[in-house]
2 protein chains.
Amino acid sequence: MPKLGMEPIRRAALVKATIDEIGAAGSLDVTVSQIAKRAGMSSALAHHYFGGKEQIFLAAMRHTLAVYAAEVRGALAMASDPFERIEAIVRAGFGSSNFRREVIAAWLNFYVLAQQSTEARRLLNTYQKRLHSNLAYNLRPLVGGRADSVAERIGGLIDGLYLREVLGDRTANGNAAAAHVLAVIELEIGQGQ
Amino acid sequence: MPKLGMEPIRRAALVKATIDEIGAAGSLDVTVSQIAKRAGMSSALAHHYFGGKEQIFLAAMRHTLAVYAAEVRGALAMASDPFERIEAIVRAGFGSSNFRREVIAAWLNFYVLAQQSTEARRLLNTYQKRLHSNLAYNLRPLVGGRADSVAERIGGLIDGLYLREVLGDRTANGNAAAAHVLAVIELEIGQGQ
DNA sequence: GGTTTTGTTGATTGACGAGTCAATTAACGA
DNA sequence: TCGTTAATTGACTCGTCAATCAACAAAACC
């Protein structure tokens with residue numbers, strides 16, 4: 001019963017199913033059939049639309065990164081001064097959506113994927129750089145010439161605390177982590193230009 | 001041609017081969033046969049000594065973590081005051097041995113493994129906690145009651161900057177990262193008890 | 001009304017992989 | 001010297017999986 005215009009629907013369903021499946025497995029060790037089944041279609045159709053497993057993964061990665069970028073943009077839009085914007089970036093990073101099982105698994109596995117696929121690495125670098133320049137731009141009024149260097153530290157701190165939260169044995173607590181980051185930012189600002 | 005007492009030799013060879021193979025593949029997607037071949041034996045022997053693939057991985061993880069712990073201990077032994085000891089921990093984390101391809105792949109993949117295997121997660125937590133208490137202990141004379149909280153930040157910063165270095169497009173530069181961490185530590189110390 | 005395009009799948013292919021096992025070899029101990 | 005034990009492997013089982021293909025269905029187009 002082929003309705004036309006299915007392609008975007010199928011693609012979206014497959015991307016979602018891929019992320020969910022990776023989340024359930026905790027690894028990239030998921031089969032095209034599992035993904036297709038979860039998305040309600042045959043594996044042949046998944047191949048038809050994406051060409052192969054690797055491209056399905058890359059699409060899932062693009063989607064995950066795009067969602068994150070959108071969250072950051074949304075948070076930025078509601079902030080009115082540099083400090084608020086920095087705070088928004090930090091809080092977006094530790095928002096509850098980033099602590100959902102599938103999202104955690106996606107990030108960790110995309111780090112691994114970046115080791116194997118140059119395309120995956122490129123995607124990751126693009127988003128990291130975007131985040132860095134967002135931070136640096138808004139830090140400039142606060143710490144002047146040190147902005148770039150401070151942004152590097154803050155960016156690393158966000159990633160590292162996120163990692164520790166999701167790998168820790170306690171349930172992840174984004175608020176405590178965000179508070180840590182903000183504490184360091186205050187210190188850096190107190191240091192002056 | 002069975003020489004006796006081969007077990008420890010075989011086990012060590014398999015652990016080494018596992019890490020190398022993971023490094024070459026960039027993922028845990030390596031076969032027992034590949035590992036065994038690299039270690040110069042049949043896959044049946046690998047199964048004989050380790051029982052299964054998962055246990056081979058866990059042994060490789062234990063080894064990686066143990067090497068790291070030994071590096072930290074070595075660096076600590078040469079330091080004489082709290083600040084030097086903290087510096088030693090930081091520099092050990094960014095030592096050149098941690099930027100070898102296999103070691104990078106090992107860490108990233110062990111993060112993923114920690115999602116699937118409670119034993120892997122336990123191992124990771126143990127080492128993270130050890131590092132945390134090392135930091136906190138030596139920070140106490142410098143920042144007093146804030147030691148625990150500062151140690152949390154510094155630990156996260158180390159992990160995060162390491163991640164950014166190894167995932168970045170440039171060649172990894174541990175020195176710059178270590179300098180960033182030390183800069184934050186100085187800020188925290190300047191803040192007083 | 002017929003042909004092209006789009007959607008869809010079951011069946012198949014060709015390959016690989018984890019784990020088992022029976023059998024072989026050599027050292028060791030009594 | 002002979003049974004016991006450690007070391008070792010080739011061959012095999014049973015399962016899986018990515019990718020392909022032939023074929024069918026329905027909409028759109030002319």
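Any value given below was found using the heavy atoms of this structure, including those in side chains, with hydrogens, waters and symmetry copies removed. Quick caveat, the model's predicted, so the values are computed rather than measured. Residue numbering restarts at 1 for every chain, and letters A, B, ... go by the order of the sequence lines.
- With salt bridges taken as basic N to acidic carboxylate O contacts below 4.0 Å, one links E119(A) and R122(A).
- Look at CZ on F57(A): it is 15 Å from C1' on dA19(D), rounded to the nearest Å.
- Summarising the geometry, the separation between NE2 on H48(A) and C1' on dT6(C) is reported as 7 Å, rounded to the nearest angstrom.
- Remark: the S97(B) side chain and the E71(B) side chain contain an N/O donor-acceptor pair separated by less than 3.5 Å.
- Residue contacts shown for G5(B) are limited to sugar-phosphate atoms, with no base heavy atom under 4.0 Å away.
- Looking at T18(A), its side chain does come within 3.5 Å of a backbone N or O of L14(A) through a donor-acceptor pair.
- For the pair R11(A) CZ and dG7(C) C1', the computed distance is 14 Å after rounding to whole Å.
- D169(B) and R121(A) are not joined by a salt bridge, as no carboxylate oxygen comes within less than 4.0 angstrom of a charged side-chain nitrogen.
- Between E102(B) and K16(B) no salt bridge is recorded (no basic side-chain N to carboxylate O distance below 4.0 Å).
- Distance CG (L4(B)) to C1' (dA26(C)): 8 Å, rounded to an integer number of Å.
- When distances are taken from the side chain of M6(A) to each of dG7(C), dT20(D), dT9(C), the shortest belongs to dG7(C).
- Contact annotation: Y49(A) reaches the phosphate of dT8(C) (side-chain N/O to OP1 or OP2, under 4.0 Å).
- Screening W107(B), F94(B), Y127(B), F110(B) for a ring-ring contact (aromatic ring centres under 6.0 Å, His included) with Y68(B), the sole residue that qualifies is W107(B).
- Taking atom CG on L45(B) and atom C1' on dA18(C), their separation rounds to 16 Å, with Å as the unit.
- K53(B) places its NZ atom 15 Å from the P atom of dC16(C), with the value rounded to the nearest Å.
- Of the residues in residues 12-35 of chain A, V30(A), T31(A), V32(A) come within less than 4.0 Å of DNA chain D through at least one heavy atom, sorted by number.
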Under 3.5 Å, which N/O atoms of the protein pair with N/O atoms of nucleotides 10-12 of chain C?
none

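- Here S133(A) pairs with nothing under the side chain to side chain contact (heavy atoms under 4.5 Å, CB included) rule; sequence neighbours left out.
- For R10(A), no side-chain nitrogen or oxygen approaches OP1 or OP2 of dT6(C) to under 4.0 Å.
- When the P atom of dT5(C) is taken as reference, atom CD of E7(A) falls 16 Å away, rounded to whole Å.
- Out of dT9(D), dT9(C), dT20(C), the shortest distance to the side chain of H47(B) is found at dT20(C).
- Side chain of N138(B) to backbone of I86(B): no donor-acceptor contact under 3.5 angstrom is found.
- When each of R153(A), R146(A), E152(A) is paired with S149(A), the side chain to side chain donor-acceptor pair (under 3.5 Å) condition holds for R153(A) and for no other.
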